[in-house]
Amino acid sequence: MARSVRPVRRVERHPDAAVDPAAWPDSVPAVHQLLTRGLDLPAGVIFLVGENGAGKSTVVEAVAEAVGVHPDGGGSAHRAGGARSRGTDRSGLAARLRVVSSPGGTGGAFFLRAETMHRFYSYLEDAAWDGEGEPTSPHPLHGVSHGEGFVEVLQSRWLREARLVLLDEPESALSFDNCLLLAGSLARMADDGKQVLCATHSPLLTALPGATVLQLDEDGITPTTWEELTIVRNWRFFLDAPQRYLRHVL
């Protein structure tokens, strides 16, 4: 077991960077805490959980950019940018962050985000990449479902070689069974010495034994347990009596 490996030990504000609590994204409590107090990252799998707007994706994307990965996704040595770069909706947070790495650096990173997967597939198609470094045409990812393509990239050589894996809401592309497969993949990544930072809404993924769970809300970033997560409590109540919730919206 290699769970003690920490490619990234801490993420903190660069000493020369300013903080404006009245402006987005600094006004988001989790981002404000990151900028003012920093965030220590343990080994293994780390989940960021919270409501929409809590700052999960903003933090994961900023860490990805800070370690040299394009915000549209990909690996440290491969940029999915150019004309496809999102550009206009980036937070600018990464430029104000400093990543404290373990000796030897991050050792390569890979960022996978559900929001821009189809754009990333097109980048891979342009690069004629098949997951093993060999050309292929046409690229297979555009010939399968969104979830199937997601699983294929999760099994790619890029991800296997990365020491730091960043995921933004991967469950949004996956069925229940594939979420279970992803949970198993995350456990194996941790056992192989990878560090995983994952923004998620999934009570399934966050149940992973040994994972660190961080709640992002109006109080900032707080370590918690699976049983204490709001999403777990809400899903339990909903599955027990769906009409209790649906009567308010129907």
Taking it one step at a time, do V213 and T225 satisfy side chain to side chain contact (heavy atoms under 4.5 Å, CB included)?
-> CA-CA 6 Å; V213 182; T225 64; over 6 Å; no
Hey, any chance [X] and [Y] share a hydrophobic cluster, counting ILVMFWY side chains that come within less than 4.5 Å of each other, even indirectly?
{"X": "W24", "Y": "V31", "result": "yes"}
{"X": "V165", "Y": "L181", "result": "no"}
{"X": "L180", "Y": "L112", "result": "yes"}

Does the side chain of [X] reach to within under 4.5 Å of the side chain of [Y], using non-hydrogen atoms?
{"X": "V8", "Y": "Q195", "answer": "yes"}
{"X": "L229", "Y": "T206", "answer": "yes"}
{"X": "V60", "Y": "F111", "answer": "yes"}
{"X": "L246", "Y": "F238", "answer": "yes"}

Rounded to the nearest 0.5 Å, how far apart are [atom1] of [X] and [atom2] of [Y]?
{"X": "L164", "Y": "M189", "atom1": "CG", "atom2": "CE", "value": "11.0 Å"}
{"X": "D177", "Y": "L182", "atom1": "CG", "atom2": "CG", "value": "12.5 Å"}
{"X": "L35", "Y": "E12", "atom1": "CG", "atom2": "CD", "value": "11.0 Å"}
{"X": "L39", "Y": "L48", "atom1": "CG", "atom2": "CG", "value": "7.5 Å"}
{"X": "L34", "Y": "T36", "atom1": "CG", "atom2": "OG1", "value": "8.0 Å"}
{"X": "S57", "Y": "L166", "atom1": "OG", "atom2": "CG", "value": "12.0 Å"}

L167 and L186: side chain to side chain contact (heavy atoms under 4.5 Å, CB included), yes or no, with the steps?
-> CA-CA 11 Å; L167 302 170; L186 296 180; 3.7 Å; yes
Tell me the closest heavy-atom pair linking [X] and [Y], and the distance in Å.
{"X": "R96", "Y": "V19", "answer": "NH1-CA, 4.2 Å"}
{"X": "A211", "Y": "F47", "answer": "CB-CE1, 3.6 Å"}
{"X": "A18", "Y": "D26", "answer": "O-OD2, 4.3 Å"}
{"X": "A62", "Y": "L97", "answer": "CB-CD1, 3.8 Å"}
{"X": "P170", "Y": "L205", "answer": "CG-CD1, 4.2 Å"}
{"X": "L93", "Y": "P25", "answer": "CB-CG, 4.5 Å"}

Donor-acceptor under 3.5 Å ([X] side chain, [Y] main chain):
{"X": "E171", "Y": "C179", "result": "no"}
{"X": "K56", "Y": "G50", "result": "yes"}
{"X": "R163", "Y": "G193", "result": "no"}
{"X": "E169", "Y": "H201", "result": "no"}
{"X": "Q215", "Y": "T224", "result": "no"}
{"X": "R98", "Y": "P15", "result": "no"}

Mind checking salt bridge (Lys or Arg N to Asp or Glu O under 4.0 Å) for D16 and listing every partner two or more places apart, or none if nothing turns up?
->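 So D16 forms no salt bridge (Lys or Arg N to Asp or Glu O under 4.0 Å) with any residue.
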Go through the structure and list residues passing salt bridge (Lys or Arg N to Asp or Glu O under 4.0 Å) with D40, not counting sequence neighbours.
->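 D40: salt bridge (Lys or Arg N to Asp or Glu O under 4.0 Å) contacts with R10.
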Please name the residue in the list V232, N234, D240 that meets the side-chain contact (heavy atoms from CB on, under 4.5 Å) test with R236.
->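 Only match with R236 under side-chain contact (heavy atoms from CB on, under 4.5 Å): V232.
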